[in-house]
Amino acid sequence: MTNTYRNFGIVVQHNEEDFVDILEERRLSSDLGFAFRTFSPQPYKGGPPCTGVELHRAVMDSQYLRYVTKEVAAETGSSEQEVREEVCGILKEMSQNLQLPFIRLMGYIFTKVFKRLFSAIFVNMEGLSAVSSVQRRLSEQLPSIQHGKNLQQAAQEHPVILMPNHRSYVDFLVISYILFSYDIPVPVIAAGIRLAGVKIIGEILRRSGAFYIRRAIRSDKLYWAVLSEYVQTIVRKGFAPLEFYIEGYRSRTLKSLPPKLGMMQMVLEPFFKSEVYDITLLPISISYDRVLEESLLAQELLGFPKPRESIMGLLKASRVLQESYGSMHVNFGRPLSVRQLCEGKINRCYYNLTPRDLPQKPSPEAQACVSWLAHLMVRLQEDGSLIRPWSLMSCLLLQVPASVLAEEGLPWQQLTDKTLWLRKLALDFGAHLNWPEHISDLDVMSSTVALHRTVVHRKAGRVYLVREGEPERRRPVSPEEGLMRTATAALMLASYRNQCLHVFTRPAMLAAAVSVTRSTQRDELLAYFCFLQDVFSNEFVFIPGRCSQDFEEACSLLKKCGAVHVSQHDVTFSESGLEVLSFLQELLKPFIDSYLLMFRYLCEEADHIFIEKQFLQAVRTWATSLILSGELHTYEALSSNIQKNVLSALQRLGAVMRMKTSENNEYKVNKAAVRRAADTLLGKMRPQSLQAAPDARL
């Protein structure tokens, strides 16, 4: 069945029959023959072919970098030659060195690895090289949007920007592997600088198309100039498709992260300056049955030291290679024209007022357009993802206290019945499910639990949470150690729940609004709904300026499943909707409880001025004591991700202010403002009475 996503006139295709397992052929043929077959992608038609050496020279000789070099030399007192040598060093550290022999080497190695780790890697052929009848019909209905193109065509006509979501180290590899498999130009990929330091592998990745970027570079004027010129030269010349992660880094919670705008601004600027006629954006959704790093991610969220990033270190771990990770789906979205998306949203004449080779600060209009496009890409990634049965089961398992789930378990029959109920609700809400139709529902759920045996196990008709390290335990453990083992398993479970949160977020916020405000008036519900969007805009992704539309979407979805009655002025819940209401409220409860906990800590325990690192450690210690005493049941309050998101939310609400002169991330807290935020979240105060900071909205 084909589903369509019609917001903004954009279509996301989900034709289950169009997904092909690319590993099937690899299992039947020679891996060496695959790696050394003829690779002949169609060339980019927008300009003459460009080699890596020519790309490097074009960057070094650009008027923009010459201008910035002079500025930096004047500001630092260095000579222009010294600054230019620094530019050369930055470019050498950064640059990719794409070479076909190394692409072939990677093709051979990762065919071996992927066949060992995954039962299948499904790819939608329609997104790569086919045009469906549905796309053709929509092209006729919406002529202003190009619906007939696919990646193979788009790569020949305009610079292409590949934008996958980022959940695993494997994301970095699988896109290039797929494009190489189907004779599509292999991308150059923005990667973290840490990977460059991995012996041998760093250089192999560089020669396979990776270019390396330092973190926190906004304050480094010269580095920013070199990076932006390097990226924009790739785009202007159509050197190769450019791939980057709009979320900035790998999501340790497996849910979508608010987009980072720096790289997005860089890739769009050649279009804003009319240096290219158009740019093609391609959202890519990668969905996993099981993520390789699941336990490492949970431990990082609990404050355990992060291991040095190393792809081969991960793959060489015997435990990883001995496990099964099920299948992966890679859904290539429809290529989107920046020219068409930006029509009426930006006046490019602004860029004609200054020579293109000089630094220009983006106009507020351009910044808003970049932000809108970035958030839209994340939402399209979400809509293109396929939700697994395990994601739905995780939602339900987490609504049982983790300690109870570990000790007493949950009846298997209850879990399966509720999962089938939730499957219907998810489909009513427009979710795209990866639920095999040729296998019985009971077998699907049984095999799903078996795949995730490191998180839960079945015994005597019940399902139990597996505490981290439990099978190897040979000695008594302290209450704190036992709690952290339970927390690790609970956060692993939460990460898989997070993969389907985008389906339920908006209806859940409306359900919370009804429960907290105890009102049926649309205006009051909308005000609280928008307040929740402000508070949770680091937890969930909302397109800027669409709070009212999101509210209407929530009303429509709940009305569709029979949970509410909607009139011009009121939203009332029906008796038959109580089960839906209860589920949605419980889904949002861990986030609300965690935020209220930190609000309480800031008001009761924290000093007026605090250092972020010390604060996060103190909050985790306090939350641990509350869980041990039975006062708190939400293990997600221990997650560093939620703790940092609360700080960001309070900054937006004007309740916490980061001190500009501080070198240690010091904050000053307005305890009265924090109390108002807590009272509003609890429904004791109307949202309108909360004095928000000017940038409370995205």
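Reckoned from all heavy atoms, side chains included, excluding hydrogens, waters and symmetry mates. Residues: numbered from 1 along the sequence shown.
A donor and an acceptor atom, one from each side chain of N665 and E612, are located under 3.5 Å apart. Using modelled atom types and a 3.5 Å distance limit, the side chains of D289 and Y496 yield no donor-acceptor pair. Judged by distance alone, the side chains of E294 and T454 do bring a donor and an acceptor atom under 3.5 Å apart. Side-chain atoms of R462 and H457 form no donor-acceptor pair, as typed in the model, at a separation below 3.5 Å.
Each side-chain hydrogen bond (donor to acceptor under 3.5 Å, both in side chains) pair with one or both residues in residues 592-607, not counting sequence neighbours, appears once here: E539-Y595, K589-D593, R600-E604, R600-E631.
The closest donor-acceptor contact from the side chain of D679 to the backbone of M685 lies at 3.5 Å or more, if one exists at all. Of the possible polar contacts, none joining the S556 side chain to the E552 backbone as a donor-acceptor pair under 3.5 Å is found. D570 places no side-chain N or O within donor-acceptor distance of the main-chain N or O of T572, the cut-off being under 3.5 Å. Between the side chain of T634 and the backbone N or O of P590 there is no donor-acceptor pair closer than 3.5 Å. One N or O on the side chain of R652 and one on the backbone of V535 form a donor-acceptor pair closer than 3.5 Å. Under the 3.5 Å distance criterion, the side-chain polar atoms of S391 are left unmatched by any main-chain donor or acceptor of I387. Side-chain N or O atoms of K560 include one that pairs as donor or acceptor with a backbone N or O of D428 at under 3.5 Å. With N331 contributing its side chain and G384 its backbone, the two residues share a donor-acceptor pair below 3.5 Å. A donor-acceptor pair is defined here as one N or O able to donate and one able to accept, closer than 3.5 Å; such a pair exists between the side chain of S478 and the backbone of E481. Not a single donor-acceptor pair under 3.5 Å links the side chain of S582 to the backbone N or O of L578.
The SG atoms of C395 and C500 do not sit under 2.5 Å apart.
Taking all atoms of both residues into account, the shortest heavy-atom contact from Y635 to L491 is O-CD2, 4.3 Å. Annotation for Q399 and L587: closest pair NE2-N, 3.6 Å, computed over non-hydrogen atoms. When all heavy atoms of H432 and D383 are compared, the closest pair comes out as CD2-O, 2.9 Å. Closest non-hydrogen pair, V378 versus S256, comes out as CG1-CB, 3.7 Å. Of all heavy-atom pairs between P258 and V541, the closest is N-CG2, 4.0 Å.
When each of E382, E247, E293 is tested with R167 by the rule salt bridge (charged side-chain N to carboxylate O under 4.0 Å, His left out), just one qualifies, namely E247.
Within the model, atoms CD of E300 and OG of S639 stand 11.0 Å from one another, a figure rounded to the nearest 0.5 Å. The line from OG1 of T448 to CH2 of W390 is 8.5 Å long, rounded to the nearest 0.5 Å.
Using cut-offs of 30° and 60° for the angle between ring planes, the Y667 and F610 rings count as parallel. Ring planes of W421 and F583: perpendicular class, angle over 60° (limits at 30 and 60°). Ring planes of F540 and F542: perpendicular class, angle over 60° (limits at 30 and 60°).
Ion pairing between a basic and an acidic side chain is recognised when a charged N comes within 4.0 Å of a carboxylate O; R250 and D171 show no such pairing. Using a 4.0 Å cut-off between charged side-chain N and carboxylate O, D550 and R506 make a salt bridge.
In this structure, R458 is positioned above the aromatic face of W412, its NZ or CZ under 6.0 Å from the six-membered ring centre and within 45° of the axis.
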T680 vs R686, side-chain hydrogen bond (donor to acceptor under 3.5 Å, both in side chains): CA-CA, chis, key distance, verdict: CA-CA 6 Å; T680 305; R686 292 171 60 88; over 6 Å; no
Side chain to side chain contact (heavy atoms under 4.5 Å, CB included) assessment of L392 paired with L396: CA-CA 7 Å; L392 301 180; L396 299 167; 5.8 Å; no
Residues M492, H452; criterion side chain to side chain contact (heavy atoms under 4.5 Å, CB included); working and verdict: CA-CA 10 Å; M492 288 167 66; H452 294 277; over 6 Å; no
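Crowding of K671 atom NZ: a count of heavy atoms from other residues, nucleotides or ligands under 6.0 Å exceeding 12.
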